[in-house]
Engineer: 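Structure below; questions to follow.
Each chain gets a letter, A, B and so on, in the order the sequences are listed, and its residues count up from 1.
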Amino acid sequence: MDRYDPIVIEQKWRKRWEDEKTFKTDLKNAKKPFYNLMMFPYPSGEGLHVGHVYAFGGSDTFGRFKRLQGYDVFEPMGFDSFGIHSENYAIKTKTHPKDLIEKTTGYFREKQLKRLGALFDWDRQVITSDPDYYKWTQWIFIQLFKAGLAVRKKAPVNWCPSCKTVLADEQVISGRCERCNSEVVQKELAQWFFRITEYAEKLLNNLETIDWSQSTKLIQRNWIGRSEGAEIDFPIKGSRLKIRVFTTRPDTIYGATFMVLAPEHELALKISSAKFSEAVRDYIAQSKKATELERSQAKTGVFTGAYCLNPFTNKQVPIWVADYVLGIYGSGAIMAVPAHDQRDFEFAKRQGLKIVKIVSGGVAQEKAYVGEGKLVNSGQFNGLNSQEAIDTMSDYIEKNKFGRKTVNYHLRDWLISRQRYWGPPIPMIFCALCAKKGDGEKAKDRVVHPGWYAVPEKDLPVRLPHLENYQPKGRGVSPLATMPDFVSVKCPKCGKTARRETDVSDTFLDSSWYFLRYPSTEFKTKAFDQKITKKWLPVNSYIGGNEHAVMHLLYSRFITMALKSLRLIDFEEPFNKFRAHGLIIHKGAKMSKSRGNVVNPNDYMDAYGPDALRMYLLFIGPYDLGGDFSDRAIAGVYRFLNRVWKLLLGLGKGTQVSASDKLNRAINRLVLKAGEDLESLKFNTAIAAIMEFTNLASKHKNEFDRGTIEKYLIVLSPFAPFTTEELWERLGFLKEKGSVHHQAWPISESKYLEAENVTIAVQINGKLRDTMVVERSKIDRFATGDHFVDYKREIETLALSSKKVKKHVNGRKVRRVIYVPEKVLNIVVDV
RNA sequence: GGGGAUGUGGCGGAACGGUAGACGCACAGGACUUAAAAUCCUGGGAGCUAAAAGCUCGUGUGGGUUCGAUUCCCACCGUCCCCACCA
């Protein structure tokens, strides 16, 4: 018998599978399409890490299982190669991103991904920095522009001084840049936005209809952040102007002792009285310079000298400007209720403002009382509890035209522009001449942005020019702006000299539609083919990390909805099923270069083979929890594969015509258990079941028949594709039946699952009274009413009447009977 | 501050409300070997007991529901994750 040599086996089958196109799926003629997607990697310089193997291994194991179940599985792979991450790495290593990407994608694909034993269809790989791909990314931008979903607006935006670009709201975590952790500052800039907020309601509601990990849905729900409340207008004393505020607690309006405007608020300076306007101006200037984090440190602010009238009481309240109020949420102004809002409370304390308690139940001494209670000091509304008050007072507001009920979202429009080099140029052209005339590309039948034109489709892609000095300049424009040849372009309308948009788009736009491109890679004249798309999308199973719960997954949903509303596709959710896998850590911490605890998968593939690595990772624990990578434990799985190898090759010719009952029962149970577990991605327990069978089978070596070996190998094959194929061949199945991966998932025969005796213990009032042995198939689990039973008769009755349970036996009522498969049955009765 | 998840041997983890600890790691004893490695076999929650049998206690803590709770409910403690001046 040969020694188990996973490296030799891997190389042999990799070549053979590739040559024979064993896993090629015919997309056009597939009968049962199953789109098995996993999040594609960005090709970093460090190479694939073990977390990728975890994600791809699990997903591929599932895909292989689906294949055995008779589905035509399409499992594509590609590279998210545009973007800041690649560009920063290129800067660091002093290479050009284009050269870098060529090198890294090659390494990822040839030296790593192809070793995993996955079903990847490399004829359809997608590389987002490839002009064939980003041509269509640009095309999608234009479609959105024409639908009025891509707009240019001047707004305070997040600027990362280190990455030297603006960022989307989603890419700022607690005031810091998601990539480099620098503190972000606000800048007022004109930028391109996607109007994702148009879809806030749909993005939220559709979550009910899709089968996603609960945790992921929850993160999205929180991010969208719907809150119901009211807009209320407070007239300014001695002026026709009003200040509009948003509040979720209109019931607390009697406690509104002052108003606060964000420094960005348009009225902030305008309403300030002469005496205060200089202080206000200084304050606004100062808060503009501060980072978001600095702004959130202390409750600073200045009085404007102006007053509002509370529409409910007509009492005057002072108006302040303070940067704890955000310019971007609601209307950028609030009514402050210090007794019942902690932030207002702190501000009031600091500035010596009045605090009036209007909700009973809490004491406003050291902190605000935020909960609910009965209204006091609230005129005609006294005595109502908070919920009632919100309803009646909201109605009152609408009736008296003080304002209206409204809904606000935390979700912001998606800022698409990036002042960087390594991305698809935004395909827009600005013509100053046309702008003067009010001409421009129409969006939804009207010119929204005079002077702006989409690049005509025939001119796509707008190629990213080669630029030696591609490093970001930090002047609020992309390095592309330094290339006169690139910037200068003829106006598509008037033909005069115009200029190109020089910003590139956010990387997340590249990845927000790549799943549409995979099945359509051969179509060079369209982004995606209608027919193929209809056949293969939405994606049947998507697996990836929860770190993308907001950004990638939210953007993909939005792009899909937008394309649906343009009637380019006929579904609005891209991923019917999404599962987030857990994080693989090492030595108790997240893997990172600085910690020096990064696991290189190649080391382990070299030592134990890819089968052992992927199987080990799936064996660590529940797939959604991840776990700690252990050098030792992987050897255990390697040993297991060795045992399988020896067991099967050691059977020789001694296999029986038919397997023993014991083995039959075991293999049938294994098929059932492994199938159920694979379906719900419980890889760890499926593997445990296979090991259990292996242990048992080792003790009954001469009870095997061909059919049992066959089933055993098929069940193991999604986990260990190389090893099982080799054994399959060596045992003579290959010639006869073709690849193990082309077999059908075995059907478990119910007679072997059920025909077994169980021991029954009968307890009466908790005391053991009797035991008996009953054939398993004759009992069924049930529970019923609440009285007495002649248990021996009842068991017989049960055996005969199957699932029906009688409530009375011999004049006594059944209390409760419970059957536990393979375990002890307690029949508990009252006397 | 808000939201969520989670807590079981030395370790990773199993367990439709029904024999807690499957499977694996590590460990110990044995077989093979001159010896070791590899491999194979055996063992194991803790305590009482010389040992076996047996008994007692055991799933973060305290309550509750139930004939029966690791599982369901409530409170608390610990750990982890997401969001965070979002009114």
Side-chain angles (χ1 to χ4, degrees), chain A residues 3 169 173-175 214-223 225-227 229-230 245-250 252 256 260 262 292-293 295-299 322-337 340-344 346-347 367-368 370 408-412 546-547 549-550 582-583 585 616 619-622 624-625 627-637 639-640 642-643 646 673 682 684-695 698-699 759 761 763-767 781 783 786 815-830:
Chain A
R3 181 174 77 84
D169 200 38
I173 314 287
S174 304
Q214 282 308 320
S215 59
T216 314
K217 286 194 192 184
L218 193 81
I219 292 171
Q220 289 216 348
R221 229 172 254 135
N222 289 343
W223 186 260
R226 183 181 198 273
S227 55
V245 302
F246 171 74
T247 178
T248 53
R249 293 293 299 272
T252 61
V260 185
E292 259 196 28
L293 271 175
R295 281 181 61 157
S296 69
Q297 301 298 323
K299 293 272 175 304
D323 60 11
Y324 82 91
V325 170
L326 304 177
I328 35 172
Y329 185 73
S331 54
I334 61 159
M335 62 176 209
V337 184
H340 306 291
D341 181 287
Q342 188 56 27
R343 296 153 301 183
D344 297 344
E346 283 165 26
F347 188 76
K367 63 192 257 232
V370 186
N408 246 304
Y409 296 92
H410 171 229
L411 183 69
R412 306 278 144 71
N546 236 355
E547 69 271 19
V550 261
L583 195 67
I585 58 174
Y616 161 65
F619 187 56
I620 291 180
D624 54 347
L625 288 187
D628 206 322
F629 188 91
S630 150
D631 297 22
R632 282 224 189 103
I634 185 172
V637 173
R639 279 202 290 270
F640 164 74
N642 264 293
R643 281 200 292 277
K646 281 188 200 148
K673 168 83 177 150
K682 291 177 179 168
N684 57 331
T685 49
I687 293 169
I690 295 172
M691 288 174 168
E692 220 170 324
F693 174 83
T694 309
N695 292 344
S698 309
K699 289 177 188 139
T759 309
Q763 294 179 353
I764 297 181
N765 284 349
K767 285 187 184 142
R781 175 159 53 125
D786 46 353
R815 167 106 183 157
R816 184 168 289 169
V817 184
I818 295 161
Y819 162 62
V820 189
E822 292 175 72
K823 292 183 180 172
V824 175
L825 173 76
N826 296 323
I827 298 177
V828 182
V829 291
D830 283 342

Engineer: Kindly write out the residues that satisfy ring pair (Phe, Tyr, Trp, His ring centres under 6.0 Å) with A:Phe246, not counting sequence neighbours, or none if the list is empty.
Structural biologist: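 Ring pair (Phe, Tyr, Trp, His ring centres under 6.0 Å) check on A:Phe246 returns nothing, list empty.
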Engineer: Just to verify, what does A:Arg643 make a side chain to side chain contact (heavy atoms under 4.5 Å, CB included) with, not counting sequence neighbours?
Structural biologist: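 Side chain to side chain contact (heavy atoms under 4.5 Å, CB included) list for A:Arg643, sorted by chain: A:Arg639, A:Phe640.
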Engineer: Looking for any heavy atom pair under 4.0 Å, which part of the strands does A:Thr247 touch: base, sugar-phosphate only, or nothing?
Structural biologist: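 Sugar-phosphate contact only.
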Engineer: Check RNA chain B for consecutive Watson-Crick or G-U pairs with both distances under 3.5 Å and list the runs of at least three as stems.
Structural biologist: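 Expected stems, ordered by start: B:1-7 with B:77-83, B:10-12 with B:23-25, B:27-31 with B:39-43, B:45-48 with B:54-57, B:60-64 with B:72-76.
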Engineer: Roughly how many Å apart are B:U71 and B:C81, using the C1' atom of each and rounding to a whole number?
Structural biologist: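 The same atom, C1', in both gives a distance of 24 Å.
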Engineer: Expressed in whole Å, how much space separates the C1' atoms belonging to B:U19 and B:G24?
Structural biologist: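 Comparing C1' positions in B:U19 and B:G24 gives a spacing of 22 Å.
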Engineer: Checking A:Ser331 now: which residues fulfil side chain to side chain contact (heavy atoms under 4.5 Å, CB included) with it, not counting sequence neighbours?
Structural biologist: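 By the side chain to side chain contact (heavy atoms under 4.5 Å, CB included) rule, A:Ser331 matches A:Arg244, A:Ala333.
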Engineer: Please compare A:Lys673 and A:Ile620 by the position of their nearest nucleotide in RNA chain B and report the one closer to 5'.
Structural biologist: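 Upstream on the strand: A:Ile620.
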Engineer: What string of B, S and - do you get for nucleotides 78-85 of chain B 5' to 3' if you count protein non-hydrogen atoms under 4.0 Å?
Structural biologist: ----SSBB
Engineer: Would you kindly give the CG-to-P distance between A:Leu625 and B:G4, to the nearest whole Å?
Structural biologist: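 It works out to 18 Å between those atoms.
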Engineer: Taking only residues two or more places apart in sequence or in another chain, which ones pass salt bridge (Lys or Arg N to Asp or Glu O under 4.0 Å) with A:Lys673?
Structural biologist: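 A:Asp677.
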Engineer: I'd like to check the side chain to side chain donor-acceptor pair (under 3.5 Å) partners of A:Thr248; sequence neighbours left out, ordered by chain and number.
Structural biologist: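 Result, side chain to side chain donor-acceptor pair (under 3.5 Å) vs A:Thr248: none returned.
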Engineer: Spell out, as yes or no, whether a donor-acceptor pair under 3.5 Å connects the side chain of A:Asp344 to the backbone of A:Val337.
Structural biologist: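 Yes; judged by distance alone, with no hydrogens or angles, the pair exists.
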Engineer: Using the side chain to side chain contact (heavy atoms under 4.5 Å, CB included) criterion, which residues pair with A:Lys299? Sequence neighbours excluded.
Structural biologist: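 A:Lys299 satisfies side chain to side chain contact (heavy atoms under 4.5 Å, CB included) with A:Tyr324, A:Arg343, A:Glu346, A:Phe347, A:Arg350 only.
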Engineer: What does A:Arg412 touch in the nucleic acid at a heavy-atom separation under 4.0 angstrom: a base, only the sugar-phosphate, or nothing?
Structural biologist: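 Base: the residue A:Arg412, judged by heavy atoms under 4.0 Å, touches a nucleobase.
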Engineer: In Å, rounded to the nearest 0.5 Å, how long is the span from CD1 of A:Ile690 to OG1 of A:Thr685?
Structural biologist: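 That separation rounds to 10.0 Å.
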Engineer: What interatomic distance, in whole Å, is found between C1' of B:C77 and the corresponding atom of B:U66?
Structural biologist: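 Comparing C1' positions in B:U66 and B:C77 gives a spacing of 26 Å.
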Engineer: Contact class for A:Ile334 (heavy atom, under 4.0 Å): base, sugar-phosphate, or nothing?
Structural biologist: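 Contact class for A:Ile334: base.
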Engineer: Can you name the side chain to side chain contact (heavy atoms under 4.5 Å, CB included) partners of A:Leu411, sequence neighbours left out?
Structural biologist: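 Applying side chain to side chain contact (heavy atoms under 4.5 Å, CB included) to A:Leu411 gives A:Glu170, A:Ile196, A:Thr197, A:Ala200, A:Leu203, A:Trp223, A:Tyr409, A:Leu554.
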Engineer: What is the distance, to the nearest angstrom, from the CZ atom on A:Phe693 to the C1' atom on B:A14?
Structural biologist: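 In whole Å, B:A14 C1' and A:Phe693 CZ are 20 Å from each other.
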Engineer: Which residue lies toward the 5' end of RNA chain B, A:Pro622 or A:Leu411, if each is placed at its nearest nucleotide?
Structural biologist: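 By nearest-heavy-atom nucleotide position, the 5'-most residue is A:Pro622.
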Engineer: Do A:Asn408 and A:Ser227 pair up side chain to side chain, a donor and an acceptor below 3.5 Å, judged on atom types alone?
Structural biologist: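 On atom types as modelled, these side chains do not qualify, holding no pair under 3.5 Å.
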Engineer: Please report the distance, rounded to the nearest Å, between CG in A:Leu218 and C1' in B:A5.
Structural biologist: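 Interatomic distance, CG of A:Leu218 to C1' of B:A5: 10 Å.
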Engineer: Excluding sequence neighbours, so at least two apart, what forms side chain to side chain donor-acceptor pair (under 3.5 Å) with A:Asp323?
Structural biologist: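 Counting only residues at least two positions away or on another chain, A:Asp323 forms a side chain to side chain donor-acceptor pair (under 3.5 Å) with A:Tyr283.
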Engineer: Tell me if B:G9 is syn or anti. Syn = glycosidic torsion within 90° of 0, anti otherwise.
Structural biologist: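 Classified syn.
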Engineer: Quantified in whole Å, what is the P atom distance between nucleotide B:G12 and nucleotide B:G7?
Structural biologist: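 One P to the other, the span is 12 Å.
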Engineer: Using the C1' atom in both, what is the distance from B:U42 to B:G4, to the nearest Å?
Structural biologist: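 About 46 Å, rounded to a whole number of Å.
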Engineer: Can you list everything that forms a ring pair (Phe, Tyr, Trp, His ring centres under 6.0 Å) with A:Tyr616? Sequence neighbours excluded, please.
Structural biologist: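 Applying ring pair (Phe, Tyr, Trp, His ring centres under 6.0 Å) to A:Tyr616 gives A:Phe629.
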Engineer: Do A:Thr252 and A:Met335 have side chains that get closer than 4.5 Å, going by heavy atoms?
Structural biologist: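 With C-beta onward as the side chain, the pair touches.
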Engineer: In whole angstroms, how far is the P atom of B:A5 from the CG atom of A:Asn546?
Structural biologist: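 One finds 13 Å between P of B:A5 and CG of A:Asn546, rounded.
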Engineer: Quantified in whole Å, what is the C1' atom distance between nucleotide B:C25 and nucleotide B:A31?
Structural biologist: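 It comes out at 23 Å once rounded to the nearest Å.
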Engineer: Which pairs, protein N/O on one side and nucleotides 22-24 of chain B N/O on the other, fall under 3.5 Å?
Structural biologist:
from	atom 1	to	atom 2	distance (Å)
B:A22	O2'	A:Glu692	OE1	3.2
B:A22	O2'	A:Glu692	OE2	3.2
B:G24	OP1	A:Asn695	ND2	3.2

Engineer: Rounded to whole angstrom, note down the P distance from B:G64 over to B:A84.
Structural biologist: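 Pairwise P distance, B:G64 against B:A84, rounds to 42 Å.
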Engineer: When you compare B:A69 with B:A20, how far apart are their P atoms, in angstrom units rounded to a whole number?
Structural biologist: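 So the two P atoms sit 11 Å from each other.
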